[in-house]
Amino acid sequence: MAASPGPAGVGGAGAVYGSGSSGFALDSGLEIKTRSVEQTLLPLVSQITTLINHKDNTKKSDKTLQAIQRVGQAVNLAVGRFVKVGEAIANENWDLKEEINIACIEAKQAGETIAALTDITNLNHLESDGQITIFTDKTGVIKAARLLLSSVTKVLLLADRVVIKQIITSRNKVLATMERLEKVNSFQEFVQIFSQFGNEMVEFAHLSGDRQNDLKDEKKKAKMAAARAVLEKCTMMLLTASKTCLRHPNCESAHKNKEGVFDRMKVALDKVIEIVTDCKPNGETDISSISIFTGIKEFKMNIEALRENLYFQSKENLSVTLEVILERMEDFTDSAYTSHEHRERILELSTQARMELQQLISVWIQAQSKKTKSIAEELELSILKISHSLNELKKELHSTATQLAADLLKYHADHVVLKALKLTGVEGNLEALAEYACKLSEQKEQLVETCRLLRHISGTEPLEITCIHAEETFQVTGQQIISAAETLTLHPSSKIAKENLDVFCEAWESQISDMSTLLREINDVFEGRRGEKYGYLSLPKPMKNNANLKSLKPDKPDSEVFAAEGLKLTSSVQAFSKQLKDDDKLMLLLEINKLIPLCHQLQTVTKTSLQNKVFLKVDKCITKTRSMMALLVQLLSLCYKLLKKLQMENNGWVSVTNKDTMDSKT
């Protein structure tokens, strides 16, 4: 359905940003199916590897042979489904069709080989005790399993290229439409083109959202979230800024305001492609310098490594590294907003760190020539002393930045300057506009510098990216608010100019709110209350609607939590299975194999967007969850029985540690 030109139409594009949904058609569905089949297939292959990892003369009961055959057949069926999806992808992408089809053929052959080699009808050599010696061709099964993994990987890599191509194509369509929007001269033409633009932005939002979910690198994921947040907020800004230009075509400040929005959107679109393709335009490198906390962390790792190896690095390198870190302290000591007390303390601790490094180097030189206990103890003491000084320096930097940020947020919580700009605009007071524009510029510089200091002490890469995003947002939005306010002041009776200023002011207020959350998270990391891979609330989230630019802070769906816990349980049970004999182990692995695909399917359902089919999604979640619960009852009951059996076989003797561990995991 085409997006309408008004604010509600923009919500179609804005509302999907940050959701990471899988709601787009055709190739996206293929990607979801591919991922689902892959998740089903790989655990089965893992079981095949486990089953064949035994001595060649091992004998198996008929029950075990039937279980092995079921696993082989399950692998072959999963491969068949995988191949169908791969062929469908190939038919949609002629440039990769030949490569994908070759990989699919290899996968199919490997699946059929595994099924044939685990088929008990082909093993008719009966022993006198009623058991059969299986896997006379164990090497063949191993080769088939390896070929299967190799061919599946090829298909997935080629499918990944398809997804990347989709995102690039979608970006190019958005850019082409944006160029038409920039040149539009009539409101009627604008409405028509913006409707198309809304549809294209929805498609790009879905594609980039799925990619963001698939990213494993936390830094890239944070960068993608930041770029998509810019696109989300700028979509509404583009609408009001463009309408203002059309209403006041000869207003220079209105054109400046609109150009700023277009420029920022283009940069964000390029950033998404840069992350997706993992390469920078024209071979550029990341010029952003390392943060102080990251530098201190790496420096401490280097000096602590001296305990194990006195020769792995040069003394000059350590000195240079420390000087680079201390040079970055100038961001704090040169700041006009750093208090005199904090500045003096930072300089004092910096001097102390230099002196203690020189002492460490002196002892280090002695330790290389004298291998005595006293020298080793002196080296250890020197390492501890400089580590302590650096920790004290980190505390001082953290206190300086967070105190400054807290004071600034408190001072600007009532948004007095924004309210004054709105008032001077509708009054047409150019003199007052100049005064409050100057005040907003000062506020902007304070916030930008504070974000720069917070980045140094953020503690994790995702939070560093969030600080950079906040810094850029304040820098750009501050200028745009001033140009929007100037337009309103020149045209005080213009409703669209007033609406445009309101949109930019709301974006500013939203970023202030996000900065408050960011500050809390930085404190949590510093005090050890938050891990590296925790979901940061300050990372950009989807908007509630296009009129309200404040970010939502949604919790993870219960079904998705539940599925993740199910996968954790399977890992624990797999660890327990290693203590069991072959027959019992196989029985348990088969039960686990039923649970793992259900967990992945439930995760896929919760992440899939079914627009206008909410009840269908809920019904699917309930069905999958009910199936998982039924399997869990069987699995836990089996675990309990096998644990009791294991205890009896060991004459009732198991280590208290193992028993307690398994009881807790069960």
Side-chain angles (χ1 to χ4, degrees), residues 289-335 338-406 453-461 463-464 519 521-532:
S289 61
I290 188 172
S291 71
I292 293 174
F293 269 30
T294 302
I296 289 176
K297 180 181 177 181
E298 293 177 358
F299 180 78
K300 285 176 66 177
M301 287 173 60
N302 287 336
I303 61 173
E304 287 167 1
L306 293 174
R307 293 175 175 135
E308 306 297 328
N309 189 337
L310 295 171
Y311 303 95
F312 85 103
Q313 62 182 326
S314 69
K315 301 157 191 66
E316 293 76 15
N317 282 348
L318 271 186
S319 297
V320 169
T321 302
L322 181 61
E323 286 306 315
V324 169
I325 294 170
L326 297 181
E327 185 178 322
R328 293 195 185 112
M329 304 286 183
E330 292 175 2
D331 284 350
F332 286 81
T333 56
D334 291 352
S335 173
T338 301
S339 69
H340 177 72
E341 292 76 13
H342 281 304
R343 184 179 292 106
E344 289 298 312
R345 182 63 176 152
I346 292 170
L347 291 172
E348 178 187 333
L349 289 169
S350 298
T351 302
Q352 186 175 334
R354 280 194 185 95
M355 291 172 58
E356 286 175 351
L357 178 60
Q358 293 307 312
Q359 176 63 23
L360 172 64
I361 290 174
S362 176
V363 177
W364 181 10
I365 293 171
Q366 294 180 52
Q368 287 178 328
S369 57
K370 301 177 183 178
K371 308 294 183 182
T372 63
K373 183 179 179 181
S374 61
I375 289 294
E377 290 174 350
E378 193 174 347
L379 179 64
E380 178 66 19
L381 181 61
S382 296
I383 291 172
L384 292 175
K385 285 175 69 176
I386 191 169
S387 294
H388 176 73
S389 292
L390 292 172
N391 287 338
E392 289 299 307
L393 186 55
K394 284 178 64 178
K395 288 179 184 178
E396 190 63 32
L397 295 172
H398 179 268
S399 174
T400 302
T402 54
Q403 185 177 321
L404 173 61
L453 298 185
L454 287 175
R455 174 181 170 256
H456 278 304
I457 58 104
S458 57
T460 71
E461 286 189 328
L463 288 180
E464 275 192 46
L519 182 60
E521 291 175 334
I522 288 174
N523 282 326
D524 285 347
V525 169
F526 187 77
E527 294 168 15
R529 295 196 296 265
R530 191 180 297 271
E532 173 72 27

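Applying the salt bridge (charged side-chain N to carboxylate O under 4.0 Å, His left out) criterion to Lys395, with sequence neighbours excluded, gives Glu392. Arg345 is linked by a salt bridge (charged side-chain N to carboxylate O under 4.0 Å, His left out) to Glu348, counting only residues two or more places apart in sequence or in another chain. When the side chain to side chain contact (heavy atoms under 4.5 Å, CB included) test is applied to Lys300, the partners found at least two apart in sequence or on another chain are Ile296, Glu304, Ser387, Leu390, Asn391. Qualifying ring-ring contact (aromatic ring centres under 6.0 Å, His included) partners for His398, counting only residues two or more places apart in sequence or in other chains: Phe526. For Ser382, the side chain to side chain contact (heavy atoms under 4.5 Å, CB included) test picks out Gln359, Leu360, Val363, with sequence neighbours left out. Taking Phe293 as the reference, nothing meets the ring-ring contact (aromatic ring centres under 6.0 Å, His included) condition, with sequence neighbours excluded. Applying the side chain to side chain contact (heavy atoms under 4.5 Å, CB included) criterion to Glu308, with sequence neighbours excluded, gives no partner residue. Residues forming a side chain to side chain contact (heavy atoms under 4.5 Å, CB included) with Glu323 (at least two apart in sequence, or on another chain): Leu326, Arg354. By the salt bridge (charged side-chain N to carboxylate O under 4.0 Å, His left out) test, Glu464 is found to be paired with Arg455, residues two or more places apart in sequence or in another chain being considered. Here Glu327 pairs with nothing under the salt bridge (charged side-chain N to carboxylate O under 4.0 Å, His left out) rule; sequence neighbours left out.
Rounding to the nearest 0.5 Å places OG of Ser350 at 10.0 Å from CD of Glu330. Of the inter-residue distances, the one linking Asp331 atom CG with Asp334 atom CG reads 8.0 Å to the nearest 0.5 angstrom. Glu521 CD to Leu454 CG: the interatomic distance, rounded to the nearest 0.5 Å, is 12.0 Å. We find the CG-OG1 distance between Asn317 and Thr321 to be 6.0 Å, quoted to the nearest 0.5 Å. With values rounded to the nearest 0.5 angstrom, Lys370 atom NZ is found 12.0 Å from Ile365 atom CD1. In this structure, OG on Ser335 lies 5.5 Å from CG on Leu453, to the nearest 0.5 angstrom.
Side-chain contact between Leu519 and Asn523 is present, with at least one heavy-atom pair separated by less than 4.5 Å. Residues Ser389 and Leu393 form no side-chain contact, since every pair of their non-hydrogen atoms from C-beta on lies 4.5 Å or further apart. Residues Met329 and Leu397 form a side-chain contact, since some pair of their non-hydrogen atoms from C-beta on lies under 4.5 Å apart. Looking at heavy atoms from C-beta onward, Val525 lies out of side-chain contact with Ser458 at the 4.5 angstrom threshold. Side-chain contact check for Val324 versus Ile290: every heavy-atom pair is 4.5 Å or farther apart. In this structure the side chain of Phe332 never reaches within 4.5 angstrom of the side chain of Glu396, judged on heavy atoms. Contact check for Ile325 versus Ile292: side-chain heavy atoms found under the 4.5 Å cut-off.
A donor-acceptor pair under 3.5 Å is absent between the side-chain atoms of Ser362 and the main chain of Gln358, judged by distance alone. A donor-acceptor contact shorter than 3.5 Å is absent between the side chain of Gln366 and the backbone of Ile375.
Among all heavy-atom pairs drawn from Arg307 and Glu380, the shortest one is NE-OE1, 2.8 Å. Taking each heavy atom of Ala367 and Leu310 in turn, the nearest pair found is O-CD1, 3.7 Å.
Listed by first and then second residue, the salt bridge (Lys or Arg N to Asp or Glu O under 4.0 Å) pairs that reach into residues 310-320 come to none, sequence neighbours excluded. Pairs engaging residues 338-366 under the ring pair (Phe, Tyr, Trp, His ring centres under 6.0 Å) rule: none recorded [sequence neighbours left out].
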